[in-house]
2 protein chains.
Amino acid sequence: MVQALRHPAVEDRPVFPAAEVPASALLQKLEAFQDLSAEARKAVSRLVASAKDYPAHTDILREGEPADGVLIVLRGFACRNQFRQNGARQITAFLLPGDHCRLETGLINRMDHTISTLSPCRVARVPSEALQAVVRQHPAVRQALRMCILINEATLREWIVNIGCRTAIERIAHLFCELHLRLSSVGLVRGMTYDLPVTQTDIAVTVGLSNVHVNRSLQALRKQRLIALSGRRLTILDWQRLSELAEFSPSYLQAERRILNG
Amino acid sequence: MVQALRHPAVEDRPVFPAAEVPASALLQKLEAFQDLSAEARKAVSRLVASAKDYPAHTDILREGEPADGVLIVLRGFACRNQFRQNGARQITAFLLPGDHCRLETGLINRMDHTISTLSPCRVARVPSEALQAVVRQHPAVRQALRMCILINEATLREWIVNIGCRTAIERIAHLFCELHLRLSSVGLVRGMTYDLPVTQTDIAVTVGLSNVHVNRSLQALRKQRLIALSGRRLTILDWQRLSELAEFSPSYLQAERRILNG
DNA sequence: CGTTCCCTTGACCTAACTCAAAGAATGTGG
DNA sequence: CCACATTCTTTGAGTTAGGTCAAGGGAACG
């Protein structure tokens, strides 16, 4: 069922209604880096079997709470948040389906920031020991997870560049390109469209702008026919021009580019 | 030899002339996290024995070059740089004495950014195998290095917050507080003074501002008697107020606060 | 002792912010 | 299924933090 997305006159239904979200994003992501044996797949699946559902805008782990192990997002968008005393907030990472984040904070095993959901999420919390066991038995899993960690780090650096020296439009364009690639690697992109279950204020807090200015920049992107965005569904109308505008070079995500500009 | 630093009327000699930089910053840093046996210390020392000296403003590793293993800075300030096509630059990390950075970039073992010196540096490049060997024999070293990695990551997040939602003055104040703590953990702070062998433009490129505005913000910090800065030597005159201004909370560095405000 | 790099200052500009309020959606309870 | 409440998005008007350009003054370096 290929979609005709030539015109932004799009229906506003989600691309992936909750029921038909592709199964294990986690496996899909890991297998992009390493072939996994049937047992490895099973072991990984068991790890996340006890995942729980969280509504949107809910804290999964608050700053100061003791924490250990990893958190794995299976469905929905979550994020890492840091707060300032004046109430200002900064999102320092998006956690998409298949993403994991380490919770070990070293000596002091307490969160130094908050992890919360942006949309409704399904999230597994995996204790260190369980993870260690799997990783010890399945080196391929260890290797794949290590790749994820490297990518996460490269992404943090890329975000610093984004916020540090790009204009408002460029920042947003860059974010959209990044999300496209990350989501497509876990099968959550159809054509050039993906669900972006996030408010404009969330985007603002991610790229270091005000919500008003994000709104205006989005309109500029729409006017230039680079994107269509409504009802929390984003379509990239012109990948070529959008990625050029953002100076987006996907190598930091270590993903093969399977972007075909429709 | 305690210094009288009540007045910013300071002599402009470096705090640590090249000759008397404290020996192995690396060991000092690792031992802040883990006690090391004599053999472990020796093994680590051997690892960095082949360090080379680089002049200021020199690329150690350029974007696109194949790379592997780790880089360990023993003396001087280095940094990770990312460039934009228009020539704009963003520093995404400071590499201080004792800091290391992984060079494995995963599948594609190529640098996705450049590492260069800010001041003259002594840097060791350690191949994976050599490091692996040491780490395998000395779990304490592995553990300490793991801590460093977690701290590096937390620092990246903190920088995103810094650039994303603080004012110019706050950003610079935050950077100075961070550097103070990091340098003091490797014995490179005397009283409240440390060498900051970096231009104002470097600072600008670090915190996402223009050099002109950094200059003006520095003057504001001086006028408020929070810092003294001249001849590449920084003195924090009022840690209390400076860290409050920056909303600096040192926990992400996992260092015991041994800050005594003179 | 000249050259180069760095810091400083001034004048002007603009990208992005704030405040405020009106429409759209979306959700909720009756 | 409708009425109400809430949360988002959009728009307008005015402000400001920080940028740009340009040029002079120091300090450092070969």
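Labels below follow one simple rule: chain letters A, B, ... track the order of the sequence lines, proteins then strands, and each chain is numbered from 1.
A close approach under 4.0 Å does not occur between any side-chain nitrogen or oxygen of Gln219(A) and OP1 or OP2 of dT9(D). Residue Asn215(B) places at least one side-chain N or O closer than 4.0 Å to OP1 or OP2 of dT8(C). For dT8(C), one of the phosphate oxygens OP1 or OP2 lies less than 4.0 angstrom from a side-chain nitrogen or oxygen of Gln200(B).
Nearest nucleotide to the side chain of His213(B), out of dC7(C), dG19(D), dT10(D): dG19(D). With distances taken from any side-chain atom of Leu209(B) to the nucleotides dA16(C), dT9(D), dG19(D), the minimum falls on dG19(D). Listed nucleotides: dC6(C), dT18(C), dG19(D). Nearest to the side chain of Ser210(B): dG19(D).
Both Val212(A) and Arg232(A) lie near DNA chain C, and the one whose nearest nucleotide falls closer to the 5' end is Val212(A).
Taking atom CZ of residue Arg216(B) and atom C1' of nucleotide dT9(C), one finds them 6 Å apart after rounding to whole Å.
Side chains of Ser116(A) and Asn81(A): a donor on one and an acceptor on the other come within 3.5 Å. One side chain, Gln200(B) or Asn215(B), offers a donor N or O that lies under 3.5 Å from an acceptor on the other.
Remark: Arg190(A) is positioned above the aromatic ring of Phe16(A), its terminal NZ or CZ atom under 6.0 angstrom from the ring centre and at most 45 degrees off the axis.
When atom types are taken as modelled, the side chain of Gln90(B) and the backbone of Val205(B) share a donor-acceptor pair closer than 3.5 angstrom.
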